[in-house]
Amino acid sequence: METTDATRRISAWVSAFNRAMEARDIPGALALFDEACYWRDLIAFTWNLTTAEGKPAIESMLKATLAETAPNSFKADGNASEQDGVTEGWFTFETGVSRGKGYLRLKGDKCWTLLTSMEELKGFEEKKGRRRVFGAEHGIHRDRKSWLERKQEEESQLGTETQPYVVVIGAGQGGLALGARLKRLGVPTVLLEANARPGDSWRKRYKSLCLHDPVWYDHMPYLPFPDDWPVYSPKDKIADWLEMYAKVMELNVWTSTTCEKATFDEASATWTVEVTRDGRPVTLHPKHLVFATGMSGLPNMPTYPGMERFRGEQHHSSQHKSSETFRGKRAVVIGSNNSAHDICADLWENGADVTMVQRTSTHISTSDSLFRFGTSRLYSEAALERGITTDKADLINASIPYGLMHEFHMPTVKAIREHDAELYRRLEKVGFMLDFGDDGSGLHMKYMRRGSGYYIDVGASELIANGDIKLKSGVDVREITETGVVLSDGSELAADLIVYATGYGSMNGWVARLVSPDMADKVGKVWGLGSDTTKDPGPWEGEPRNMWKPTQQEGLWFHGGNLHQSRHYSQYLSLQLKARMEGIPTPVYGKPPVHHRA
């Protein structure tokens with residue numbers, strides 16, 4: 001295979017960096033970095049998800065972690081590439097306790113961005129490939145127990161005779177992804193699911209619901225979707241897949257189970273988790289408690305004057321299950337983000353007279369354009385044909401530091417705005433208030449910064465543009481009457497149904513409800529980067545707050561996000577939990593102070 005100039009540059013840098021790391025030569029390592037540089041570490045050096053921005057921050061990180069980490073054996077891996085003056089390539093490395101993979105970007109011969117990612121713990125590797133279990137017990141054995149009997153015995157004892165090391169609240173895609181990772185690592189885990197079946201949180205929603213992200217982006221760990229799976233998955237297919245996944249991966253999911261209360265004993269570093277399982281009280285005593293409730297907290301249900309006197313039906317968007325009973329009736333949807341658009345479209349398809357109340361501006365990206373100009377670069381059939389597997393795509397995606405991410409997305413937004421200019425013109429003509437993010441970085445940065453303020457258009461925007469979905473924009477709700485909604489401009493909308501598509505609070509709202517308000521304040525706001533943009537107050541933190549990493553409360557973790565994030569970051573959370581179970585030292589570097597409580 002021919003060695004390119006790009007590959008030689010990456011190899012030379014990695015070799016020099018290896019010499020510096022093995023010699024514990026911090027000045028020598030710093031000399032390899034550009035003045036404007038970023039090092040994102042996924043638990044390999046810091047036992048944290050953290051980004052060091054600039055040479056002084058990298059120096060501080062290395063001074064605190066280098067001796068304990070004992071990094072070595074950095075080797076370039078595969079061919080590198082070069083585009084627009086930036087050289088990119090892979091490398092592998094080891095630490096005293098782990099093996100890792102990394103991704104490097106050079107400007108000239110100096111590092112611009114560096115990613116280091118822990119892949120596995122030495123001595124505690126997953127039992128896969130050549131390490132897989134044998135399974136069968138050949139020979140004749142008196143009182144033999146079958147695989148099923150052993151499985152049932154383990155399940156019956158976990159939570160009664162033996163305690164789980166980890167309890168996960170929530171068995172949606174996030175909880176199941178983490179549960180599968182922990183199962184492969186031999187970490188005793190119980191997942192608590194309030195519904196009767198895994199996947200019910202999807203099954204019970206309105207029938208037109210589907211994923212807005214393409215299939216290549218949405219695989220679960222270890223079991224990718226079949227190669228004929230739809231590009232955009234209908235909710236019931238996802239529900240069935242999640243139920244199948246829990247069964248095939250042999251996860252200990254306690255269905256019809258609600259968490260009532262959790263308390264932490266500082267002296268023993270143990271949780272007491274009180275649950276109701278099939279109507280019976282059960283008490284669990286794990287060392288670690290994970291909230292895997294998505295990326296959001298409790299529904300934000302507004303309190304408008306007069307709500308109690310409304311004669312029709314009103315509910316939060318999270319409770320909207322069917323539009324079929326509202327044929328020929330008048331519906332008002334308060335909100336203009338993803339759920340609001342989806343529910344408006346579902347109501348219109350079912351023959352309702354629908355009005356959307358848009359209080360603030362919304363970013364719109366059509367699903368097709370978002371895929372064409374954005375997602376498809378790493379997640380598509382074309383990407384697979386170029387050798388970009390899901391694992392590689394996840395790491396390339398993770399290698400972009402959040403401090404630069406808005407710059408990476410601006411060209412995508414510009415291309416979409418040009419491609420869909422006519423749709424945007426028509427939306428603005430009917431009064432729809434558009435925005436493209438505070439800095440023009442679009443949907444993905446809105447998602448990372450605030451988790452709201454956007455709609456991935458799969459058809460509702462056309463209905464708004466042509467007037468099929470009516471629009472009242474730039475107004476808020478003044479009061480609710482017996483028969484409808486009075487808006488801040490004095491106009492009134494008659495309604496048989498009011499849907500409050502008003503979003504969700506921070507995930508620490510679940511901690512306030514199930515543990516205590518004091519502990520919720522102790523860990524602080526979950527999600528957001530501290531970008532000091534709309535709904536993402538500063539100071540800058542550089543990583544999603546509290547997600548997939550240690551919090552200010554020992555033994556308390558948050559996990560979730562979209563399917564991509566649930567898949568990828570479950571790896572790092574599971575390794576952090578496994579290391580703690582096995583007594584491996586995990587000195588955490590870079591844990592930020594709490595700046596915002598909610």
Side-chain angles (χ1 to χ4, degrees), residues 172-174 201-202 204-214 217-218 232-235 238 293-302 315-321 323 331-349 354-371 374-375 413 416 420 423-424 427 432-437 441-465 469 471 473 499-505 507 527-528 534-536 560-566:
Q173 62 261 21
S201 57
W202 288 88
K204 293 180 178 181
R205 299 299 302 280
Y206 49 94
K207 69 178 185 180
S208 63
L209 178 65
C210 68
L211 286 180
H212 292 342
D213 294 319
Y217 192 73
D218 294 332
Y232 297 101
S233 304
K235 72 176 183 75
I238 286 291
T293 53
M295 53 160 282
S296 303
L298 300 168
N300 281 330
M301 187 64 174
H315 52 244
H316 189 267
S317 57
S318 60
Q319 299 173 302
H320 189 77
K321 295 177 172 57
S323 300
V332 174
V333 177
I334 312 297
S336 58
N337 295 335
N338 257 337
S339 293
H341 278 82
D342 282 350
I343 291 171
C344 281
D346 191 63
L347 285 162
W348 181 86
E349 286 184 343
V354 192
T355 301
M356 173 186 286
V357 176
Q358 184 188 27
R359 300 167 298 166
T360 57
S361 63
T362 308
H363 173 65
I364 304 292
S365 283
T366 67
S367 178
D368 289 346
S369 292
L370 199 62
F371 178 68
T375 316
V413 175
I416 291 174
D420 293 331
L423 173 63
Y424 294 137
L427 284 170
F432 193 90
M433 298 184 297
L434 287 168
D435 74 65
F436 295 89
S441 58
L443 187 147
H444 185 77
M445 293 314 300
K446 272 201 161 189
Y447 170 70
M448 293 307 309
R449 290 165 173 170
R450 54 183 279 193
S452 64
Y454 55 84
Y455 167 54
I456 301 176
D457 178 32
V458 291
S461 290
E462 179 64 27
L463 295 176
I464 293 170
I469 294 174
L471 177 70
S473 62
V499 179
Y500 300 99
T502 45
Y504 299 83
M507 283 178 74
W527 205 259
T534 303
K535 294 190 177 182
D536 184 28
N562 56 32
L563 278 119
H564 150 70
Q565 290 168 318
S566 294

Asker: Is there a side-chain contact between R359 and I334 in this structure, where contact means two heavy atoms from C-beta onward sitting under 4.5 Å apart?
Answerer: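 Yes, their side chains come closer than 4.5 Å.
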Asker: Would you check, one step at a time, whether the test side chain to side chain contact (heavy atoms under 4.5 Å, CB included) holds for V499 with H315?
Answerer: CA-CA 5 Å; V499 179; H315 52 244; 3.8 Å; yes
Asker: Identify, with sequence neighbours excluded, every residue that meets side-chain contact (heavy atoms from CB on, under 4.5 Å) alongside N338.
Answerer: H212, Y454, Y455, I456
Asker: State the CG-CZ distance between D342 and R205, to the nearest 0.5 angstrom.
Answerer: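 Separation between the atoms: 8.5 Å.
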Asker: Let me confirm one number: the NZ-OG1 distance from K535 to T360, rounded to the nearest 0.5 Å.
Answerer: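 So the NZ of K535 and the OG1 of T360 are separated by 5.5 Å.
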Asker: Begin from the C-alpha positions of S461 and L423 and carry the test side chain to side chain contact (heavy atoms under 4.5 Å, CB included) through to its verdict.
Answerer: CA-CA 8 Å; S461 290; L423 173 63; 4.3 Å; yes
Asker: At what distance, to the nearest 0.5 angstrom, does OG1 of T366 lie from CD of E462?
Answerer: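 These two atoms lie 11.5 Å from each other.
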Asker: Ignoring hydrogens and angles, tell me if any N or O in the side chain of T362 forms a donor-acceptor pair with the backbone of S336 under 3.5 Å.
Answerer: yes
Asker: First locate atom CG of L347, then atom OG1 of T355, and finally report the distance between them rounded to the nearest 0.5 Å.
Answerer: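 Spacing of CG (L347) from OG1 (T355) equals 10.5 Å.
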Asker: Could you check whether any side-chain heavy atom of K207 comes within less than 4.5 Å of a side-chain heavy atom of E349, counting everything from C-beta outward?
Answerer: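 K207 does not reach E349 side chain to side chain.
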Asker: Show the numbers, then the answer: is there a side chain to side chain contact (heavy atoms under 4.5 Å, CB included) between Y424 and I364?
Answerer: CA-CA 8 Å; Y424 294 137; I364 304 292; 4.1 Å; yes
Asker: Going by ring-ring contact (aromatic ring centres under 6.0 Å, His included), name the residues that satisfy it together with Y447, two or more places apart in sequence or in a different chain.
Answerer: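 Testing Y447 for ring-ring contact (aromatic ring centres under 6.0 Å, His included), a comparison that skips the adjacent residues, returns W527.
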Asker: If you apply the rule side chain to side chain contact (heavy atoms under 4.5 Å, CB included), what do you find for L471 with Q358, and how did you get there?
Answerer: CA-CA 7 Å; L471 177 70; Q358 184 188 27; 4.1 Å; yes
Asker: Short question: side chain of S361, backbone of M433 - any donor-acceptor pair under 3.5 Å?
Answerer: no
Asker: Quick one: are the ring centres of H316 and Y500 less than 6.0 Å apart?
Answerer: no
Asker: Checking S441 now: which residues fulfil side-chain contact (heavy atoms from CB on, under 4.5 Å) with it, not counting sequence neighbours?
Answerer: H406, M410, D439, M445, R449
Asker: Going from CG on L211 to CD1 on I238, what distance comes out if it is rounded to the nearest 0.5 angstrom?
Answerer: 4.5 Å
Asker: If you measure from CE on M356 to NE2 on H341, what distance do you get to the nearest 0.5 Å?
Answerer: 4.0 Å
Asker: Taking atom types as modelled, is there a side-chain donor on S323 or D346 under 3.5 Å from an acceptor on the other?
Answerer: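 The answer is yes; a qualifying pair exists.
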